[in-house]
**Student:** 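Structure below; questions to follow.
Atoms within each ligand, like the ligands themselves, are counted from 1 in listed order. Just so you know, these numbers use all the heavy atoms, side chains as well, and skip hydrogens, waters and symmetry mates.
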Amino acid sequence: MIPGMIDLRSDTVTRPTPAMRRAMAAAEVGDDVYREDPTARRLEELAAATLGFPAALFVPTGTMGNQVAVHLHTKPGSEVIIEARGHIANFEMGAMAVWSGALPRPIVTARGLLEPAQVEAAISPNVSYRTPTRLLALENTHNLWSGLPMDAARTRALADVAHARGVAVHLDGARIFNAAAALGTTAAELASGCDTVMFCLSKGLAAPMGSMLCGSREAIEEAVRVRKLFGGGMRQIGVVAAAGIVALTEMVQRLPEDHANARRLAEGLAGLPAVEIDPADVRTNIVVFRLRAERVPGEGPRTPAQRFVAGLAERGVACGAFGATEVRMVTHYEVTTADVETALAAAREVLAEK
Ligand code: TLP
C-alpha cells in the first residue's frame, strides 16, 4: 500500500492482518531445506487438502510455483499451450525459456476462454519432425481478462483433450479462490482434472508472501528439488507459512466483498464516455478497461493510459497502465466501498475536460 493513497494497483499490495502478525510471531519453525519446519508442513497439508491433491509445496512466489511446474512437465525444445494474454507467457520474464528451454504456443481468444477444439488443434502431431507439445497452461481467474473465472466443466474438457494426447495440464490458479467465490463452487472443483495447480497466498488472501504448488506425491517430491535448483530452498519459513494458514482459513470467505467493490467500480467507470468496459465482464476483483485515446486529456510522449494513471495519482488513487490505452484496477481487503466512490470521483475529474 502506498501510504495515504487508495491503492488499486494490485491485490498484492495488501499488508498482513493483525491475526497474521500474531500467528507469525508465535510460529514454530525449523529448517525447511531439511523439511523440518512444522508450520510449513501444516500449511502444505492444509493446501493439499483444500485443493483436493495428495501433496503441496510452499514456494516464495507465484512465478516460482508456475515455473517449477513448467520444469516438471516439459523438456527443452517442447511447447506450452497458453491463452495469448496468460501470465506465464507475458509476465514471467520469459522464464519458461530461461529455466526449462520451453516455448510458449500462444492461442488468441476473443474473450479469454480457450475452447477444447483450439487446444486440440494446437497440439503437435506425434511425429519425429515436429516440436512436441508437453503442457497446457491454464489460468483461473484470468488476470488480464479482467479476472475472468473459468468454470470446472471447461477446465475438465480442456484437460481431457490435453490428456488424451499425452499433454500435461498446469493451472495457474493465483486467484483460484476468487474464481470459486464468483462461480459458487470450491477451489478443489476448479482444480479437478489438472496435474498441478499453483495458487497464491499473497494476493486477495493478503499474506505477505508465498504461493502453493499442489500435485501428486511424486510431482511434489520432484518439485522440492526443482525449487532448490531455482534458488527457492528456504529455511525457517514457518514465520511466513503461519500467515499463509491464516490466509487460507480466514480470508477466503470475505472475497465476495472485493468482487462487489470491483463491480461497483466497473459500473461507475462504464458511465464515463472515455471508458470502454462492460461491467458484466467484471466478475471477480480485477477491473481492466480501455480508454478512448482521444477523450483522455493531455498529450506528449505519455500514452493515454499513463496520462490517466498520473491524473489519478495526483488525486490520491494508484492504479496501473497495461498497454497504451488499457488500465487495471484491483480491489482487495484494504479497499472499502467508500474508497471505490472516491476513486470514481477522481476518474470523473481526470476525464472531465474532454
Ligand atoms: N500478478 C501480478 C503482476 O505480475 C501482473 C499482479 O499484480 O497481478 N499468476 C498470475 C495470474 C498472477 O496474476 C501473478 C502475479 C502471478 C502468477 C505471479 O505471482 P508472483 O507475483 O507471486 O510471482
**Student:** Does Arg35 offer a backbone N or O that forms a donor-acceptor pair with the side chain of Asp32 under 3.5 Å?
**Tutor:** no
**Student:** When you measure from atom 14 (C) of ligand 1 to every protein heavy atom, which one gives the shortest distance, and what is it?
**Tutor:** His87 NE2, 3.1 Å
**Student:** Please confirm whether Met209 comes under 4.0 Å of ligand 1, counting heavy atoms of the residue only.
**Tutor:** no
**Student:** Backbone or side chain, does any N or O of Ser10 fall under 3.5 Å from an N or O of ligand 1?
**Tutor:** yes
**Student:** So is there a nitrogen or oxygen of Gly62 less than 3.5 Å from a nitrogen or oxygen in ligand 1?
**Tutor:** yes
**Student:** Which of these, Val13, Leu201, Asn143, Asn140, has its nearest heavy atom closest to atom 13 (O) of ligand 1?
**Tutor:** Asn143
**Student:** May I ask you to identify, for Arg328, whether its side chain, its backbone, both or neither come under 4.0 Å of ligand 1 on a heavy-atom basis?
**Tutor:** side chain
**Student:** For the side chain of Arg217 and the backbone of Ala55, is there at least one donor-acceptor N/O pair under 3.5 Å apart?
**Tutor:** no
**Student:** Among all protein heavy atoms, pick out the one at the shortest distance from atom 23 (O) of ligand 1; state its residue, atom name and that distance to 0.1 Å.
**Tutor:** Thr63 OG1, 2.6 Å
**Student:** If the plane angle is over 60° it's perpendicular, under 30° parallel, otherwise tilted; pick one for Phe91 and Phe322.
**Tutor:** tilted
**Student:** Looking at Arg105 and Glu79, does any basic side-chain N land under 4.0 Å from a carboxylate oxygen?
**Tutor:** yes
**Student:** Return a yes/no value for Asp172: is any of its N or O atoms, backbone included, closer than 3.5 angstrom to an N or O of ligand 1?
**Tutor:** yes
**Student:** Check whether Arg227 reaches the backbone of Val59 with its side chain - one donor and one acceptor, N or O, closer than 3.5 Å.
**Tutor:** no
**Student:** Using distance alone, determine whether Thr141 and ligand 1 share an N or O pair under 3.5 Å.
**Tutor:** no
**Student:** Could you check whether Trp145 and Glu139, counting side-chain N and O atoms only, form a donor-acceptor pair closer than 3.5 Å?
**Tutor:** no
**Student:** Looking at ligand 1, would His142 count as a contact under a 4.0 Å heavy-atom criterion?
**Tutor:** no
**Student:** Could you check which of Lys203, Met64, Met93, Glu139 puts a non-hydrogen atom nearest to atom 15 (C) of ligand 1?
**Tutor:** Lys203
